[in-house]
Amino acid sequence: MRVLVTGGAGFTGQHLARRLVAGGHEVTALDLLHPQVHPDPDGAVAAFPGTVTVADVADEDAWTGLASPDAVVHLAAETGTGQSMYEADRYHRVNVDGTALAGRFAQERGVPLVTASSRAVYGEGRYACPEHGTRVGGPCCDAALPVASTEDDEHRPVSVYGETKSAGERSLHALDVPVTVVRPQNVVGPGQSLHNPYTGVLAAFLAMLREGRPLTVYGDGHQTRDLVHVADVADLLAWCLEHPPEAARPRVLNCGTGVRTTLLDLARLTADGRPEDSRGPFEIAHLDVRRAGDITHACADLTHLAALGAPLPTRSTADAVADFVAHAWARPGAAAAAWDGALDELARRGLTG
Ligand code: UD1
């Protein structure tokens, strides 16, 4: 297959492209090479195993001159939860208009589309308690515990980012080509941006460890995330391409490990991944803040994936974090102060509580 990957020069896109080429497919990319993510755009283009067209997915003209592929994978997106709360127009443009245009392109060329949405569409997700049963949208009382999200859970986004991902999904409902919507949890692994202080707690922890600074944990650190290895995400996306759905409606798939990790455990896993000669004690600094748009708990239910015979993840979160740190430790990245700056910016705008 000739596969067009939007956002192909990015973290997940590069992994997917290599995975597809290894499987005998050809790839091209449509990517803006946004400076917030790509400090070395030429290096990103050189690393992609195919031609990269540098253009904005939200720009209609970007799509018109493209050669017809056999399938499209749409990964290009703005991904910062906090930043989305004050750059709403930009997030809407890229994530909603860009997704609608990707859908239109797939439809016009008559080819299947696989698109990355996000678990952010679930917002706080489902909770269960012995007294009140289950409820979507946060806990009903102190006894309630979070439950993994299933694909048919209601959309209850609490960030602009989550809203744009939900609206992007809706824009694909009327297409009559095979569509798969994948909802990744927090994707981690080698190659994720170390320069983008608007996203990614793991890159923040890494920068702080390298500078011998305490790791800033917002709140008590008992929040949980489902952190999935980028190679497992690439495997799932490749499977989706190779097994397009027959149904008229989009097929929706979760993408995660199904295992929760607390932020405190994540801090420890990141510290454990340091090279042996840098593995001293480390400290955690709890900051009494909550970013607007943040959720407390996230975890994917993988039952539907298993029932379809789609590949389940083969790497643990611990492996994913270890691979990330081993790859990133000696590479250039933003200073830890950049994450302080991003948080200050949110505070100035009244977006921390
Ligand atoms: C992430 C993704 C988003 C994805 C979503 C799905 C990234 C870069 N963003 O958002 O694209 O769709 O998961 O679940 O992965 N935190 C700290 N200290 C810090 C920085 C952050 O404690 O220095 C906390 C945050 O408040 C939050 C948690 O870490 O509770 C995770 O934040 P972050 O890594 O930015 O990702 P998500 O908002 O979960």
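Start at 1 and go down the list; that is how both ligands and their atoms are numbered.
The nearest protein atom to atom 24 (C) of ligand 1, hydrogens excluded, is given as L263 CD1, 3.8 Å; this is a heavy-atom distance. For atom 23 (O) of ligand 1, the nearest protein heavy atom (residue, atom name, distance) is T216 OG1, 3.1 Å. Closest protein heavy atom to atom 8 (C) of ligand 1: T199 CB, 2.9 Å. When hydrogens are left out, the protein atom nearest atom 14 (O) of ligand 1 is N186 OD1, 2.7 Å; that is the closest non-hydrogen contact. The nearest heavy-atom contact from the protein to atom 9 (N) of ligand 1 is T79 O, 3.7 Å.
Per-residue contacts place T81 under 4.0 angstrom from the following atoms of ligand 1 (heavy atoms of the residue considered): 10 (O), 37 (P), 38 (O). Distances below 4.0 Å separate heavy atoms of R119 from the following atoms of ligand 1: 6 (C), 14 (O). Atoms of ligand 1 lying under 4.0 Å from at least one heavy atom of V217, given by number and element, are 22 (O). Short contacts between ligand 1 and A204, defined as distances under 4.0 Å to a heavy atom of the residue, involve ligand atoms 23 (O).
For Y161, every heavy-atom contact with ligand 1 shorter than 4.0 Å involves the side chain, none the backbone. Residue V188 does not touch ligand 1, judged by heavy-atom distances below 4.0 Å.
Backbone and side-chain nitrogen or oxygen atoms of D294 are examined, and one is located within less than 3.5 angstrom of a nitrogen or oxygen of ligand 1. At under 3.5 Å, a nitrogen or oxygen of Y218, whether backbone or side chain, sits near a nitrogen or oxygen of ligand 1. Considering backbone and side-chain N/O of R225, one or more are found under 3.5 Å from N/O of ligand 1. When only interatomic distances are considered, the shortest N/O to N/O separation between V201 and ligand 1 falls below 3.5 Å.
Between the side chain of E26 and the backbone N or O of V3, no donor-acceptor pair lies under 3.5 Å.
The side-chain heavy atoms of T317 and V228, taken from C-beta on, include no pair separated by under 4.5 Å. Contact of the T270 side chain with the F282 side chain is not registered, since no non-hydrogen atoms from C-beta on lie closer than 4.5 Å. Contact annotation: the side chain of V57 never approaches that of L101 to less than 4.5 Å [non-hydrogen atoms, C-beta and beyond]. Residues R251 and L308 form a side-chain contact, since some pair of their non-hydrogen atoms from C-beta on lies under 4.5 Å apart. You'll find the side chain of R93 reaches within 4.5 Å of the side chain of D56, heavy atoms only. Annotation: side chain of V230 is not in contact with side chain of F324 (no heavy-atom distance under 4.5 Å).
For the pair R349 and Y86, the cation sits on the ring face: its NZ or CZ lies under 6.0 Å from the ring centre, inside 45° of the axis.
Residues N95 and T164 have side chains that bring a donor and an acceptor to within less than 3.5 angstrom of each other.
Evaluated by nearest non-hydrogen atom to atom 35 (O) of ligand 1, the leading choice among R290, R291, R183, Q192 is R291.
In terms of heavy-atom proximity, L32 sits nearest to V54 at O-CG1, 4.0 Å.
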